[in-house]
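I have placed the structure first, in the form of structure tokens, so that the comments after it can refer back to it.
All residue numbers in this chain count up from 1 along the given sequence. Note: hydrogens, waters and symmetry copies are ignored here, and every other heavy atom, side chains too, is used. Just so you know, ligand 1 is whichever comes first in the structure, and atom 1 is the first atom listed for that ligand.
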Amino acid sequence: MSEPAATPFELRDLAAEVGSEINDFLLVEVRRGHAAETKSSASDFVTAVDRACETRIVEAITATRPDDGFKGEEGTDAPGISGVRWIIDPIDGTANFVFAHPGFSVSIAAEVDGVVVAGVVADPMNRHLFDAVLGAGARCNGETLQVRPATDITRSLVATGFGYQPDRRRRQAHALMTILPEIADIRRMGSAATDLCGVALGRVDAYYETGLNEWDLAAGALIAAEAGAVVKMPAPDDLMVAAAPGIIDDLLALIGRSGLID
Ligand code: LIP
């Protein structure tokens with residue numbers, strides 16, 4: 001017997017409750033220092049804490065919603081029968097966690113019948129809890145968010161990130177040679193979820209990256225969009241962009257000239 005359908009607000013609140021618990025746990029663990037293994041390349045870190053957090057998130061949600069499905073960065077992959085699928089990155093920005101550097105976040109998104117309807121990103125070191133419900137806005141610690149009204153890309157801060165495979169990193173670095181001279185500056189936080197929330201918060205005016213996984217961006221993309229950003233999800237060109245409406249066209253044109261995408 002599947003549980004009654006939950007509203008997106010109830011899914012958001014459940015994600016926020018679980019995200020806050022993991023937030024507190026990570027604030028303790030980050031000070032302990034943790035040995036990192038690597039996954040797809042020497043720069044693709046993972047720790048036992050990543051895996052423990054994913055397990056804890058799945059257990060906590062399952063206790064309330066036993067029929068839901070899950071997709072997690074550290075291997076959870078369960079279809080569920082309720083129509084709700086949770087997309088989880090237990091620590092987005094693991095390299096930052098390993099070095100105790102700000103810029104790692106817990107990302108939990110609730111997808112209903114293929115559409116992300118609620119998202120939570122918890123940033124422990126900034127003590128930020130971001131959340132959003134589709135069509136109902138985005139918040140940081142309960143305060144409504146609105147992107148900065150940027151209109152001039154030459155005066156904009158733009159966040160980006162770099163993948164794990166050397167060939168992709170070379171292409172991303174080469175693209176910066178075109179992009180960087182045309183904007184105010186680049187910021188590299190090391191976490192897509194944190195960067196997407198940075199657009200929503202107005203900490204940066206835009207974010208772009210190629211090669212992301214769904215768990216990196218599912219919650220943050222909803223938060224950025226609900227804060228008023230134009231969000232271009234990975235299309236066939238694999239490009240993720242979130243930007244203030246006043247600079248999106250100039251940013252896409254700049255990226256188009258940079259050789260980042262085919
Ligand atoms: C991170 C992404 C980020 C990217 C990093 C890394 P992870 O995910 O969120 O955008 O630039 O290189 O891939 O692997 O730390 O969860």
Using a strict 4.0 Å cut-off to heavy atoms of [X], name the atoms of ligand 1 that fall inside it.
X      : value
Glu73  : 14 (O), 16 (O)
Leu212 : 10 (O)
Tyr207 : 10 (O)
Asp216 : 8 (O), 9 (O), 16 (O)
Gly161 : 11 (O)

Would you say the side-chain atoms of [X] pair up with the backbone N or O of [Y], donor to acceptor, closer than 3.5 Å?
X      : Y      : value
Asn96  : Gly103 : yes
Asp24  : Glu21  : no
Asp205 : Leu157 : yes

Inset, instruction - Could you say whether the N/O atoms of Ala192 and ligand 1 ever approach to under 3.5 Å? - result: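 N/O-N/O distance under 3.5 Å: yes.
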Inset, instruction - Answer yes or no: does an N/O atom from Thr94 fall short of 3.5 Å to an N/O atom of ligand 1? - result: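 Between Thr94 and ligand 1, an N or O pair is found under 3.5 Å apart.
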Nearest neighbour in protein (non-hydrogen) for [atom]:
atom                    : answer
atom 14 (O) of ligand 1 : Tyr164 OH, 2.3 Å
atom 12 (O) of ligand 1 : Phe162 O, 2.7 Å
atom 15 (O) of ligand 1 : Gly93 N, 2.8 Å
atom 8 (O) of ligand 1  : Asp92 OD1, 3.1 Å
atom 4 (C) of ligand 1  : Glu209 OE2, 3.2 Å

Legend entry - Distance-only polar pair, side chains of Asp92 and Ser107, donor-acceptor under 3.5 Å: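 Judged by distance alone, the side chains do not pair up.
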Inset, instruction - Starting at CD1 of Ile255, measure out to CG of Leu239 and round the result to the nearest 0.5 Å. - result: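 The CG atom of Leu239 is 5.0 Å from CD1 of Ile255, to the nearest 0.5 Å.
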Legend entry - Interatomic spacing from CG in Asp89 to CD1 in Ile108 - rounded to 0.5 Å: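 CD1 of Ile108 is found 10.0 Å from CG of Asp89.
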Inset, instruction - Taking all heavy atoms of Phe104 and all of Met125, pick out the closest pair and write down the distance. - result: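 Heavy atoms only, the tightest pair is CE2-SD, 3.3 Å.
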Legend entry - Pairing of Lys71 and Glu111 as salt bridge, 4.0 angstrom limit: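 Looking at Lys71 and Glu111, the cut-off is not met.
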Inset, instruction - May I ask you to say whether Glu29 pairs ionically with Arg32, meaning some side-chain N is under 4.0 Å from a carboxylate O? - result: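 Result for this pair is yes, salt bridge flagged.
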Take every heavy atom of [X], measure it against each atom of ligand 1, and state whether any distance is under 4.0 Å.
X      : result
Arg188 : yes
Ile91  : yes
Phe97  : no

Inset, instruction - Tell me whether Leu222 is reachable from Ile88 by hopping between hydrophobic residues (I, L, V, M, F, W, Y) whose side-chain heavy atoms are closer than 4.5 Å. - result: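 As far as the 4.5 Å side-chain criterion goes, Leu222 and Ile88 are connected within one cluster.
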